[in-house]
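Order of the sequence lines fixes the chain letters, A, B, ..., with proteins taken first and strands second; residue numbering starts at 1 for each chain. A quick note: this is a predicted structure, and the numbers were derived from the prediction, not measured.
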There are 2 protein chains.
Amino acid sequence: MDGGNRRMKTPKISEAVVRRLPIYLRFLNELNVKNVHTVSSQDLGQKLDLNPAQIRKDLAYFGEFGKKGIGYDVGYLIEKIRQILKLDKLIPVALVGTGNLGRALSNYNAYMHDNMKIVAVFDADERKIGGSLNNLTVQPMRELGEAIRKHQVRIGIITVPAAEAQNVANQFVEAGVEGILNFAPIIIKVPLTVRVHHADLTAELQSLAYYLEK
Amino acid sequence: MDGGNRRMKTPKISEAVVRRLPIYLRFLNELNVKNVHTVSSQDLGQKLDLNPAQIRKDLAYFGEFGKKGIGYDVGYLIEKIRQILKLDKLIPVALVGTGNLGRALSNYNAYMHDNMKIVAVFDADERKIGGSLNNLTVQPMRELGEAIRKHQVRIGIITVPAAEAQNVANQFVEAGVEGILNFAPIIIKVPLTVRVHHADLTAELQSLAYYLEK
DNA sequence: TAGATTGTTAATCGATTAACAATC
DNA sequence: TAGATTGTTAATCGATTAACAATC
């Protein structure tokens with residue numbers, strides 16, 4: 001289902017593991033800012049509400065980054081996780097949909113995500129086109145393909161209404177995007193070669209309701 | 001770790017199951033709008049990229065909602081899932097942080113989430129106070145406790161910078177909120193009686209990078 | 001009746017946690 | 001050396017999927 005084992009550099013990393021790496025990275029960056037140079041799986045587990053054994057196991061999938069009896073060097077581990085997540089080189093990102101959510105994300109992005117950079121923004125609404133968003137000019141949808149190829153965009157973000165999301169996804173795929181982060185409340189269909197993550201804010205909120213008393 | 005088995009109405013429902021219920025609900029609502037009256041686990045699985053057996057099993061935790069040989073009645077299943085998720089009665093929600101993300105969510109909310117309603121919004125920035133957000137007036141933080149009690153707010157949404165998130169969470173907890181949806185990129189600590197969901201947009205995006213080729 | 005599809009049990013698969021030898 | 005902590009194996013736990021009797 002994976003289409004053959006690429007380079008077999010890593011055996012078979014589960015999604016759960018990959019999703020925890022950014023969490024580790026973020027906390028390590030905090031430690032780094034505070035000039036903390038060493039951290040144990042114990043410390044990490046405590047702060048992140050995770051089992052220390054799990055953290056060690058997660059990291060061990062990718063190499064031996066720690067020192068027995070000591071722990072992990074913060075700077076070194078940051079470097080390694082950034083490599084694993086491919087955040088050690090610039091990843092150009094495009095965004096479609098310049099509503100509140102789109103604007104929120106491009107601000108977020110402007111200073112938060114090391115090496116992921118929104119390089120083009122699009123909107124289907126003629127009135128929004130030509131407007132400015134975080135130093136970028138909002139472009140019409142018809143320019144999407146060309147702009148994506150020109151900037152070598154690898155990841156697309158969808159912040160449009162559900163009814164338009166599949167259409168936008170198709171255009172992203174057509175233009176050669178490798179990954180999509182979809183905020184529209186709908187399951188979009190793409191070829192197996194394209195990875196989709198679904199940030200489902202409504203589902204997040206509704207599932208929270210389940211845990212209310214009575 | 002759960003503090004005893006409450007009413008034992010349901011045996012022990014996993015988080016994974018609960019997170020899928022809103023997905024089912026949303027698609028069922030779409031069918032309902034299209035006047036589709038019956039749906040099979042097969043159909044659902046196809047549209048939602050899930051195994052039909054899993055869908056049947058998920059639903060079976062809560063009762064026998066289908067008819068053998070026929071499938072599920074769309075309207076009836078909607079009603080049942082809404083009950084399970086406690087969306088059959090109004091759930092008042094408060095939001096702290098009226099930046100782009102906060103504004104995006106309150107718009108979203110205004111028309112999307114059946115029976116979850118943002119009834120109060122707050123900001124720490126004096127300049128934002130008194131402003132209007134989706135028919136609500138932005139209130140200062142000092143009014144949070146009183147407003148939450150007055151409106152019987154049960155869920156709090158945090159859309160403030162990481163540095164302030166724990167503080168806001170504390171105030172939510174203090175005021176008696178039962179669940180928190182946290183958008184700040186930090187793990188917040190709350191008593192076990194309060195449920196926290198973490199919508200980690202940065203992590204979502206960064207983990208996507210892992211799946212890029214090369 | 002024949003065909004379809006549920007609810008549920010059993011089988012499989014995968015992820016988390018515990019335990020501990022290795023070693024800094 | 002004694003204490004601490006990793007990397008890793010084994011044990012446990014939990015979730016997904018397959019299979020099928022029941023039945024509409």
Item to complete: Please tell me which of the listed nucleotides, dT8(D), dC24(C), dT16(D), lies nearest to the side chain of Lys68(A)?
Response: dC24(C)
Item to complete: Using atom OH of Tyr72(B) as one end and atom P of dA4(C) as the other, report the distance to the nearest whole Å.
Response: 18 Å
Worksheet entry | Residues within residues 27-46 of chain B bordering DNA chain D, heavy-atom distance below 4.0 Å | none
Worksheet item: So does Tyr61(A) get a side-chain nitrogen or oxygen closer than 4.0 Å to the phosphate oxygens (OP1/OP2) of dA15(C)?
Response: no
Fill in: Nucleotide opposite dC24(D) in a Watson-Crick or G-U pair, distances under 3.5 Å
dG3(C)
Response to the item:
Output for pair (Ile70(A) CD1, Thr38(A) OG1), nearest 0.5 Å, gives 7.5 Å
Worksheet entry | Between P of dA15(C) and CD1 of Ile13(A), the distance in whole Å | 10 Å
Fill in: Proximal nucleotide (of dA18(C), dG7(D), dT17(D)) relative to the Glu64(A) side chain
dG7(D)
Worksheet item: Should Ser14(A) be listed as having a side-chain N or O under 4.0 Å from OP1 or OP2 of dA15(C)?
Response: yes
Discussion item. How long is the straight-line distance from CG of Asn32(B) back to CG of Asp73(B), given to the nearest 0.5 Å?
Written reply: 9.0 Å
Worksheet entry | Ile81(B) side chain near Phe65(B) side chain, heavy-atom distance below 4.5 Å | no
Worksheet entry | Value in whole Å for how far the P atom of dC24(D) lies from CZ of Phe65(B) | 17 Å
Practice prompt. Quick one: pull up NZ in Lys89(A) and CZ in Arg154(A) and give me the separation to the nearest 0.5 Å.
Written response: 5.5 Å
Fill in: Separation of Lys189(B) NZ from Asp49(A) CG (nearest 0.5 Å)
3.5 Å
Response to the item:
Looking only at dT8(C), dT8(D), dA18(C), the nucleotide nearest the Ala60(B) side chain is dT8(C)
Fill in: Whole-Å gap separating P (dT6(C)) and CG (Asn51(B))
12 Å
Fill in: Atom pair distance, as rounded to whole Å: CG in Leu77(B) and C1' in dT6(C)
13 Å
Practice prompt. Starting from C1' on dT17(C), measure out to CG on Asp49(A) and report it in whole angstrom.
Written response: 16 Å
Worksheet, complete the sentence: Distance col, row Leu48(A):CG vs Tyr24(A):OH, nearest 0.5 angstrom, shows 7.5 Å
Worksheet item: Taking the side chain of Arg56(A) as heavy atoms from C-beta outward, which of dA18(D), dA18(C), dT6(D) is closest to it?
Response: dT6(D)
Practice prompt. May I have the distance from Asp73(B) (atom CG) to dC24(D) (atom P), rounded to whole angstrom?
Written response: 16 Å
Worksheet item: Does the side chain of Phe62(B) come within less than 4.5 Å of Val17(B)'s, by heavy atoms?
Response: yes
Worksheet item: Rounded to the Å, how far apart are Gln54(B) CD and dT6(C) P?
Response: 14 Å
Worksheet item: In the structure shown, which nucleotide is the Watson-Crick or G-U wobble counterpart of dC13(C), with both distances under 3.5 Å?
Response: dG14(D)
Discussion item. Please compare Lys67(A) and Leu50(A) by the position of their nearest nucleotide in DNA chain C and report the one closer to 5'.
Written reply: Leu50(A)
